[in-house]
Amino acid sequence: MTTLDRPPTNTDSHNFDLEELVHVEQTFYTVGYEEGYAHGRLHGLIEGRALGAEKGFELWEELGFYEGAARLWTAVSSTEANGTDGRGTHHASALLALIERFPRKNPRPDEEGVDMSAQLRLIRSRYKTMCASLGVRARLQPAPIANRTEEDGPAGVQDPDAEAGREKKRRQKRMVWALDGPSSASTTQGLSF
């Protein structure tokens, strides 16, 4: 005799809960939500670490560029003997001080950290001020080496004359037909425009 063939006993009817059948859909939804949340938390942690490393590298690459520019102009102004007013040197040293105060570690969740975006805005504006006082063009991002051509200089520094020449070539290639003389092509109807 199998369990299906035997009549229900009094103990089986007490263990059977009709409410579970009524809320089956909600039960499956709740279980699926909890499992999906745990799975998403794990993958979010992995993806968050990868994204954090990528964005952190970009941030420190930018700050390293600013620090290198400030150190360069500090060294140049210390070797010059032409009696400059020192505004550029002052801005370079202030930029180096701002970069030195920039946090090197992530703040802990229970600590109140420094506003990194506000500090980064201060560093960027000080860099622009330093460049303006020195009379050099502020270049906020280093040129990507992947876009370098043989007309570019070392390490991707582009020559403005070479860029103008490339732009002229691009405009010439876009031209559909020359407008300097009559067209030699004729239509099948003998019409010429």
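Side-chain contact check for Trp73 versus Thr89: every heavy-atom pair is 4.5 Å or farther apart. Contact annotation: the side chain of Gln119 approaches that of Pro103 to within less than 4.5 Å [non-hydrogen atoms, C-beta and beyond]. With contacts defined as side-chain heavy-atom distances shorter than 4.5 Å, the pair Ile123/Ser125 does not qualify.
Under the salt bridge (charged side-chain N to carboxylate O under 4.0 Å, His left out) criterion, Glu47 pairs with no residue at all, not counting sequence neighbours. Under the side-chain contact (heavy atoms from CB on, under 4.5 Å) criterion, Ala92 pairs with Ala70, Thr74, Met130, sequence neighbours left out. Remark: Ala50 engages no residue in a side-chain contact (heavy atoms from CB on, under 4.5 Å) (not counting sequence neighbours). Residues satisfying the salt bridge (charged side-chain N to carboxylate O under 4.0 Å, His left out) test with Lys105, not counting sequence neighbours, are none. With sequence neighbours excluded, the residues satisfying side-chain contact (heavy atoms from CB on, under 4.5 Å) with Tyr37 are Tyr33, Arg41. Every residue meeting the side-chain contact (heavy atoms from CB on, under 4.5 Å) condition with Leu59, not counting sequence neighbours, appears here in chain and number order: Leu63, Phe102, Met116, Leu120. By the side chain to side chain donor-acceptor pair (under 3.5 Å) test, Arg71 is found to be paired with Glu67, residues two or more places apart in sequence or in another chain being considered.
Hydrophobic cluster membership for Leu42: Ile46 (Ile, Leu, Val, Met, Phe, Trp, Tyr linked by side-chain heavy atoms under 4.5 Å, directly or transitively).
Between atom OG1 of residue Thr129 and atom CZ of residue Arg124 there is a gap of 14.0 Å, rounded to the nearest 0.5 Å. Rounded to the nearest 0.5 Å, atoms NE2 (His90) and CZ (Arg126) are 5.5 Å apart.
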Check residues 22-30 and write down every donor-acceptor pair under 3.5 Å in which the side-chain atom is one partner and the other belongs to a residue at least two apart or another chain.
from, atom 1, to, atom 2, distance (Å)
His23, NE2, Glu19, OE1, 3.2
Gln26, NE2, Thr30, OG1, 3.3
Thr27, OG1, His23, O, 2.7
Thr30, OG1, Gln26, O, 2.8

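Trp60 is not connected to Leu96 by any chain of hydrophobic side-chain contacts under 4.5 Å among Ile, Leu, Val, Met, Phe, Trp and Tyr, and they are in different clusters.
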